[in-house]
Amino acid sequence: MKILVCISKTPDTTAKIAFTDNNTKFSEAGVQFIVNPYDEWYALVRALELKEATGATVHLVTVGGADTEPIIRKALALGGDEAFRINANSQDSYYIAAQIAALAAQQGYDLIFTGKETIDFNGSGIGGMVAELLQLPFVSIAAKFELNGNTATIRREIEGGEEVNQVTLPVVVSCQKGMAEARIPNMRGIMAARTKPLTVSEPVAADTLTSIVSFELPPAKAGVKLIPADNPAELVRLLHEEAKVI
Amino acid sequence: MSVLIFADQVEGVVKKSALEAIQYGSKVAQLLHTTASAIVLGAADDAALATLGNYGVTKVLHVAAPSLNEVDAAAYTHVIAEAAAQESADVLVFPFNFDGRAIAPRVAARLKAGLVTGAISLPDLAGGFVVKKNVFSGKAFASVNITSATKVVAVMPNTFALEPSGLTAEVVNFNTSIPPAKVKVLQREVISGEVPLSEATLVVSGGRGLKGPENWGLVEDLAKALGATTACSRPVADAGWRPHHEHVGQTGLAIRPNLYIAIGISGAIQHLAGVNGSKVIVVINKDPEAPFFKAADYGIVGDAFEVVPKITEAVKALQ
Ligand SMILES: Cc1cc2nc3c(=O)[nH]c(=O)nc-3n(C[C@H](O)[C@H](O)[C@H](O)COP(=O)(O)OP(=O)(O)OC[C@H]3O[C@@H](n4cnc5c(N)ncnc54)[C@H](O)[C@@H]3O)c2cc1C
Ligand SMILES: Nc1ncnc2c1ncn2[C@@H]1O[C@H](COP(=O)(O)O)[C@@H](O)[C@H]1O
């Protein structure tokens, strides 16, 4: 069995969000970059658990410039077998999905895992697009994934509850919390990652269908209005009469 | 040219986030001087669907096939793409809810349409088709131009208040081929009687400050008095004090209620990422230095175990 895990590079969750170049570029000054948490903690770790249970091969793919290599090495250190970097910088979901789909079409995977979303772009788009481009079934926002031979049983989140789905491989699944427990790479993994194959290839031709025009920060809050602890009724009055939310 | 809006339903009731998408799509149609229709898949009462006219559509396409009662992203995509072709739709609008997340990207790829998810503004047509969306988990916004001929927009729930007009729509049965679903639904569990967190306008949330699951009556009583939905911080869900679907934040659900009341939650940046789109934030924390106060509109520095029951009483007194 062959599994592909889609890995993206995102700023650390505590990174200060600021923009440069007239609010058209994310300011990378002082920012630490990480493997997108959904990709690492849930998609990749669940794939590694399946590898341990079934002997599957785990491939990683990232669409990005040379600056994404530390990220992909980190993912290899956790236990991926082989990585692919498609050398393109794009923020358009369709373009990225087309690259991943082209690799997948060439390699042939039984399972493709993505994260639920990237924590910078919050697109939640690439998994579904890859599935459509490959004409595969897609299960989104999976919180649990069990495999029995060729049949996957997947628990996924829906409004105010959960649903259990069943599907025959191959399938594309977007992953969230619940799929697996986060792991920390060990020294052996880090050493091994240095020599694992990382193939860099040039992108296939694909259209870019969106472009980011500018960024902005939300308006600053006016400041908190504190209400004395011995007068909670005043809070309720303010919510009713001033904020008009209750 | 027209606008087509996908409206998902559960047991014949169109979701609130889908109504918001319908209203959004109808406004886009006005901006583009064209018409808007909605499409509803699976069993639903046509008389009920006619009321979708309330939100600006003149026509509702209904595909009543029972095989569509369960959502399969691939089968839904096929049907929606067929409807888009029939209607010559060049803008497709989805709610950015769970179904929307599964289907909108597939439809976008099928139609080779640029996709913006989590839209929080109508398109600005002056410089193309520019839609504002949340990025960095609500810590910033991006204005994104969709440059392709066909466009797909998935609208952030709880962002556009509904303004029912009292008009009705014409309901038309739409006949098309339906591919067999590859994904089978074995089981579904939905907590009934509560507004789902993703659609809730009032939310009461608890953190580690509440000490243990045995104290959640505090949160639940206030939520009940308000008619609110309950939520929690991540460690609370991780510890099994509360179900995972209540977890809000960077790695949980991102919500945008009118009112978010945070009880015994410190306000870590990853927590704020999921709730900072709330219109009004109330923080109750015994530590005046808790970072959450910086993001709050109203706050009480005090012991939740003393303060919250009094708030609940005051809410009851108001009604
Ligand atoms: C990558 C990453 C992703 C994360 N994603 C999320 C996420 O999605 N959601 C999330 O919530 N967290 C997330 N976290 C965790 C986050 O950093 C915090 O650890 C977490 O939010 C803290 O939860 P808490 O506020 O409930 O607990 P604590 O930080 O322990 O805060 C408890 C608060 O309760 C107050 N308190 C104590 N007793 C009382 C009392 N009697 N009355 C009133 N107040 C009291 C304390 O003063 C304190 O402020 C993430 C972390 C990382 C690294
Ligand atoms: N540049 C990229 N390279 C590889 N995979 C990606 C890339 N961007 C996003 N993904 C994958 O697609 C998922 C959803 O991303 P998005 O649609 O951008 O929110 C991520 O969690 C990743 O698994």
Asker: Please name the residue in the list B/I311, B/V307, B/I300 that meets the side chain to side chain contact (heavy atoms under 4.5 Å, CB included) test with A/I227.
Answerer: B/I300

Asker: Only pairs of heavy atoms separated by less than 4.5 Å count here; which of A/A98, A/A131, A/S93, A/P37 has the most with chain B?
Answerer: A/A131

Asker: Sort out for me which of A/Q91, A/E242, A/R156 touches chain B most, counting heavy-atom pairs under 4.5 Å.
Answerer: A/E242

Asker: Can you check whether B/K310 reaches A/N231 side chain to side chain, under 4.5 Å on heavy atoms?
Answerer: no

Asker: Take A/K177 and B/R234 through the test side-chain contact (heavy atoms from CB on, under 4.5 Å) and record every step on the way to the result.
Answerer: CA-CA 10 Å; A/K177 198 180 96 162; B/R234 177 187 168 112; 4.1 Å; yes

Asker: Tell me which of these, A/L217, A/I17, A/I246, A/T10, has more heavy-atom pairs under 4.5 Å with chain B than the rest.
Answerer: A/I17

Asker: Roughly how far, to the nearest 0.5 Å, is the CD atom of A/E157 from the CG atom of B/L253?
Answerer: 6.0 Å

Asker: With chain A, which of B/K182, B/E306, B/E199, B/E70 has the greatest number of heavy-atom pairs at distances under 4.5 Å?
Answerer: B/K182

Asker: Taking the side chain from A/N122 and the backbone from B/S137, do they hold a donor-acceptor pair closer than 3.5 Å?
Answerer: yes

Asker: What part of B/E189 is in contact with chain A, defined as an atom under 4.5 angstrom from a non-hydrogen atom: side chain, backbone, both or neither?
Answerer: both

Asker: Using a cut-off of under 4.5 Å on heavy-atom pairs, state which of A/V171, A/T118, A/L136, A/D230 scores highest against chain B.
Answerer: A/L136

Asker: Could you have a look at A/L235, A/V224, A/I126, A/V167 and say which one has the most heavy-atom pairs with chain B under 4.5 angstrom?
Answerer: A/V224

Asker: Is A/R237 in contact with chain B via its backbone, its side chain, both, or neither, using a 4.5 Å heavy-atom distance?
Answerer: neither

Asker: Looking at B/A74, B/G127, B/S148, which has the largest count of heavy-atom pairs under 4.5 Å with chain A?
Answerer: B/S148

Asker: Measure the spacing between CG of A/L209 and OG1 of B/T147 and express it to the nearest 0.5 Å.
Answerer: 6.0 Å

Asker: Mind ranking B/L259, B/D297, B/I146, B/I269 by heavy-atom pairs under 4.5 Å with chain A and telling me who comes out on top?
Answerer: B/D297

Asker: Using non-hydrogen atoms and a 4.5 Å limit, figure out which bit of A/A97 sits close to chain B: side chain, backbone, both or neither.
Answerer: neither

Asker: If you look at every heavy atom in A/E216 and B/S143, which pair is closest and at what distance?
Answerer: OE2-OG, 4.3 Å

Asker: Side-chain donor-acceptor pair under 3.5 Å between A/S140 and B/R101, yes or no?
Answerer: no

Asker: Just how far is it from atom NZ of B/K112 to atom CD of A/E132, taken to the nearest 0.5 Å?
Answerer: 14.0 Å

Asker: Pick from B/S17, B/A154, B/G277, B/A142: which one has the most heavy-atom pairs with chain A under 4.5 Å?
Answerer: B/A142

Asker: Give the member of B/L197, B/V71, B/L115, B/I281 that has the highest number of heavy-atom pairs under 4.5 Å with chain A.
Answerer: B/L115

Asker: Under a 4.5 Å cutoff for heavy-atom pairs, which residue among B/G118, B/A140, B/A273, B/G302 has the most contacts with chain A?
Answerer: B/A140

Asker: How close do A/G125 and B/P105 get, heavy atom to heavy atom, and via which atoms?
Answerer: O-CB, 3.1 Å

Asker: To the nearest 0.5 Å, what is the distance between NZ (A/K244) and CG (B/N258)?
Answerer: 13.5 Å

Asker: Would you mind checking which part of A/E117 comes under 4.5 Å of any heavy atom in chain B, side chain (CB onward), backbone (N, CA, C, O), both or neither?
Answerer: side chain

Asker: Against chain B, label A/I141 side chain, backbone, both or neither, depending on which of its atoms sit under 4.5 Å from a heavy atom there.
Answerer: side chain

Asker: Can you tell me which portion of A/A222 sits under 4.5 Å from chain B's heavy atoms? Options are side chain, backbone, both or neither.
Answerer: neither

Asker: Name the region of B/T312, side chain, backbone, both or neither, that has any atom closer than 4.5 Å to a heavy atom of chain A.
Answerer: neither

Asker: Under 4.5 Å heavy-atom distance to chain B, tell me which part of A/V213 shows up: side chain, backbone, both or neither.
Answerer: both

Asker: Roughly how far, to the nearest 0.5 Å, is CZ of B/F136 from CZ of A/F26?
Answerer: 4.5 Å

Asker: Is a side-chain donor or acceptor of B/K133 paired with a backbone partner of A/F121 at a separation under 3.5 angstrom?
Answerer: yes

Asker: What are the two closest heavy atoms between B/A108 and A/M129, and how far apart are they?
Answerer: CB-CE, 4.0 Å

Asker: Give me the atom names and distance for the closest heavy-atom approach of A/S124 to B/F96.
Answerer: CB-CZ, 3.8 Å

Asker: Against chain B, label A/Y95 side chain, backbone, both or neither, depending on which of its atoms sit under 4.5 Å from a heavy atom there.
Answerer: neither

Asker: Using non-hydrogen atoms only, which part of B/A181 is less than 4.5 Å away from chain A: side chain, backbone, both, or neither?
Answerer: neither

Asker: Could you look at A/T208 and say if it's the side chain, the backbone, both or neither that has a heavy atom under 4.5 Å from chain B?
Answerer: backbone

Asker: Heavy-atom distances under 4.5 Å only: say whether B/V282 touches chain A with side chain, backbone, both or neither.
Answerer: side chain

Asker: If we ignore angles and hydrogens, is there a donor and acceptor under 3.5 Å between the side chains of A/T13 and B/Q250?
Answerer: no

Asker: What option among A/D207, A/D92, A/T168 has the most heavy-atom pairs under 4.5 Å with chain B?
Answerer: A/D207

Asker: Checking B/L186 against chain A: side chain, backbone, both or neither under 4.5 Å from a heavy atom?
Answerer: both

Asker: A quick test of your reading: do over 12 heavy atoms of other residues, nucleotides or ligands sit less than 6.0 Å from CG of A/D21?
Answerer: yes

Asker: Kindly compute the distance separating CD (B/Q187) from CD (A/E163), expressed to the nearest 0.5 Å.
Answerer: 10.0 Å

Asker: Test B/K16 against A/E159 for side-chain contact (heavy atoms from CB on, under 4.5 Å), laying out the working first.
Answerer: CA-CA 11 Å; B/K16 177 169 159 266; A/E159 270 82 19; over 6 Å; no

Asker: For A/F138, which atoms come within 4.5 Å of any heavy atom of chain B: side chain, backbone, both, or neither?
Answerer: both

